[in-house]
2 protein chains.
Amino acid sequence: MSLKFGILGILASAGPQSGYDIKTYFEEGPSYVWQADLPQIYRTLDQLEQAKYVVVEADPTNARNRKVYTITEEGQKALQEWLQEDFECSPIREANLLRVFFGTLTPPGILKQQVAAQRNQFTEILQQYHAVKTLIAQHAEQYPKDAFFWTLTLQAGLKLTQAWLEWCDETIQQLDDLETRE
Amino acid sequence: MSLKFGILGILASAGPQSGYDIKTYFEEGPSYVWQADLPQIYRTLDQLEQAKYVVVEADPTNARNRKVYTITEEGQKALQEWLQEDFECSPIREANLLRVFFGTLTPPGILKQQVAAQRNQFTEILQQYHAVKTLIAQHAEQYPKDAFFWTLTLQAGLKLTQAWLEWCDETIQQLDDLETRE
DNA sequence: TAATTATATATGCCAACACATCTATGTACT
DNA sequence: AGTACATAGATGTGTTGGCATATATAATTA
C-alpha cells in the first residue's frame with residue numbers, strides 16, 4: 001500500500017527517473033524503513049500511471065528501453081494527502097516472539113541459543129545503522145533538510161534495535177535463572 | 001506463514017479445539033505478538049488437515065457444526081522443527097517512518113502533530129500491556145511455566161513500545177528545535 | 001416476543017508481496 | 001574474445017492477509 005507513496009515521494013523529492021533508478025534510490029535511502037523489490041516497483045508504476053499519478057516518457061538517449069516517470073499534479077495531491085494522514089501504530093507481528101510464546105514446547109536450552117544468535121544479528125544491524133549515519137552526514141552537506149528527516153528515521157531504527165538488544169540480554173538472563181532454579 | 005504454526009502451537013499446548021476456540025485463544029493470548037482473523041484460521045486449518053498435521057472430528061454434542069481439531073504426530077514434528085528454527089530479524093517496514101523520511105515534503109507543523117498523536121497511542125498500548133500483565137499473573141497460579149514465557153513476550157512489547165515513546169519525545173523535541181531555528 | 005449478540009463454519013475477492021524467470025543491452029574485467 | 005556484472009524492463013505464480021458476506025443455531029437482552 002505504501003510503496004505507491006514511497007515511489008511518489010521519491011519522484012517528488014528527487015525528480016523524474018526510471019523504475020530502476022527508484023530501486024537504487026530505495027536501496028540507498030529508505031531501505032531501513034521500507035523495502036521494495038524491482039518487479040513490485042514496475043507493477044506499482046503501472047498502477048500509478050493508470051491512476052494518472054505519474055506520466056511516462058521513453059528516454060531516447062538510452063538503448064535499453066529506459067522509461068522516465070514524472071509525478072503529476074494529481075500525484076502530488078495524493079502524496080500530500082497520504083503524508084498528512086494520521087499515524088497509526090502497527091501491531092507487533094513477530095514469528096520469533098510467537099516461538100517464545102510457546103516456550104514450554106521447546107526443548108530446554110534451545111531458546112537461549114536462538115535468542116543469543118538473534119542478539120548477534122541485532123549487533124550487526126546496529127553497526128550498519130552507524131554506517132548509514134556517515135552516509136547521511138555526507139549527504140547533509142548538499143541537502144541539510146533531507147538529512148534532518150533521514151536522521152529522525154534512522155534514530156527510530158537505532159532505538160528499536162537497541163530495545164531488541166536489551167530484550168535479548170534480559171531474556172537470556174531470565175532463561176539462565178530458570179535453568180539454575182531447576 | 002507462521003499462523004500455521006501458531007495454530008499447531010495452540011493445539012499442542014491447549015489441547016483439541018475448534019477454529020472458533022482458536023480464534024478466542026488467539027485474542028486472549030498471543031494477540032500482541034501475532035494476529036489472526038477467523039476466515040484465515042479456517043483456511044489454515046484446511047491446509048493443516050490436507051498436510052495431515054491435524055485431524056478433524058465433528059462434535060456430536062454441538063448443534064452448530066462444530067468441528068474439533070487435534071494435532072497429529074506429524075504435526076507435532078513439524079511444530080518442533082519450526083520452534084527450533086533460527087531466529088531471523090525481520091526488517092522494519094513502517095509507513096509512518098516512510099512519511100518522516102519525506103519530511104521535507106510535509107507542510108511545517110503537521111509532522112509534529114502526527115508524532116504527538118502517535119505518542120498518545122503508544123501510551124494507551126503501554127497501559128493495555130500492563131493490563132495483560134495482571135491477566136498473566138492470574139494464569140500463573142495454574143500454569144507458572146506458560147506464564148514465564150508469556151511474560152517474556154510481553155516484555156518485548158513493553159520494551160519496543162517504550163522505545164517508540166522515547167523516539168516520539170525526542171523527535172518532537174528536535175522538530176521544535178528546527179522551528180525555533182527558522 | 002423481538003432484536004441483538006455470541007457461537008460456528010464457509011466462500012469470494014482483492015491487494016500486497018516474494019520469488020523465479022525471461023529478455024536485452026552496455027560495460028568492465030580477464 | 002569471452003565472461004561476468006550492471007542496467008532496464010516485464011511476466012508468471014503462489015502465499016498471505018484483510019475485508020465483506022452468507023448461513024445457521026443458541027443465548028441474551030430489551
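Letters go in sequence order (proteins before strands), and every chain restarts at 1.
Considering only side-chain atoms of Y69(A), the nucleotide from dT7(C), dA8(D), dA10(D) that sits closest is dA10(D). In the set dA10(C), dA6(D), dT7(C), the nucleotide with an atom closest to the side chain of R64(A) is dA6(D).
T24(A) comes within 4.0 angstrom of nothing in the nucleic acid, heavy atoms only. Here D21(A) lies in heavy-atom contact (under 4.0 Å) with sugar-phosphate atoms only.
Tested against F101(A), the residues W34(B), F149(B), W150(B) include a single ring-ring contact (aromatic ring centres under 6.0 Å, His included) partner, W150(B).
The aromatic rings of Y32(B) and Y129(B) lie perpendicular to each other, with more than 60° between the two planes, well past the 30° mark.
Between E27(A) atom CD and dA6(D) atom P the separation is 11 Å, expressed in whole Å. D59(B) places its CG atom 16 Å from the C1' atom of dA24(D), with the value rounded to the nearest Å. Following rounding to the nearest Å, D46(B) (CG) and dT15(D) (P) show an atom-to-atom distance of 14 Å. One can place CG of L48(A) at 10 Å from P of dA16(C), the figure rounded to the nearest angstrom. With rounding to whole Å, Y20(B) atom OH is found 14 Å from dA27(D) atom P. If you take CD1 of I41(B) and P of dT11(C), they are 16 Å apart, rounded to a whole angstrom. Rounded to an integer number of Å, the gap from CG of L38(A) to C1' of dT23(C) is 14 Å. Between N65(A) atom CG and dT11(D) atom C1' there is a gap of 15 Å when expressed in whole angstrom units.
Contact check, R66(A) against dA8(D): a side-chain N or O comes under 4.0 Å of OP1 or OP2. Taking only side-chain nitrogens and oxygens, Y42(A) never comes nearer than 4.0 Å to OP1 or OP2 of dA10(D). Residue N62(A) has a polar side-chain atom (N or O) positioned under 4.0 Å from OP1 or OP2 of dA8(D). Residue S18(A) has no polar side-chain atom (N or O) positioned under 4.0 Å from OP1 or OP2 of dT7(D).
One hydrophobic cluster, built from ILVMFWY side chains closer than 4.5 Å, holds both L152(A) and V33(A).
Geometric assessment of K145(B) against the ring of F148(B) yields a negative cation-pi assignment under the 6.0 Å and 45° thresholds. Relative to the six-membered ring of Y20(B), K23(B) meets both conditions, a distance below 6.0 Å and an angle of at most 45° to the axis.
Of the N and O atoms on the side chains of Q173(B) and D177(B), at least one donor lies less than 3.5 Å from an acceptor on the other residue.
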Apply the test side chain to side chain donor-acceptor pair (under 3.5 Å) to residues D21(B) and S18(B): give CA-CA distance (whole Å), side-chain angles for both, the deciding distance (0.1 Å), then the verdict.
CA-CA 5 Å; D21(B) 294 338; S18(B) 74; 3.2 Å; yes
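Of the residues near DNA chain C, K4(A) and K23(B), the one whose nearest nucleotide (by heavy atom distance) lies more toward the 5' end is K23(B).
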Give every pair of a protein N or O atom and an N or O atom of nucleotides 17-19 of chain C that lie under 3.5 Å apart, one pair per line with the distance.
{"residue": "dA18(C)", "atom": "OP1", "partner": "R93(B)", "partner atom": "NH1", "Å": "3.3"}

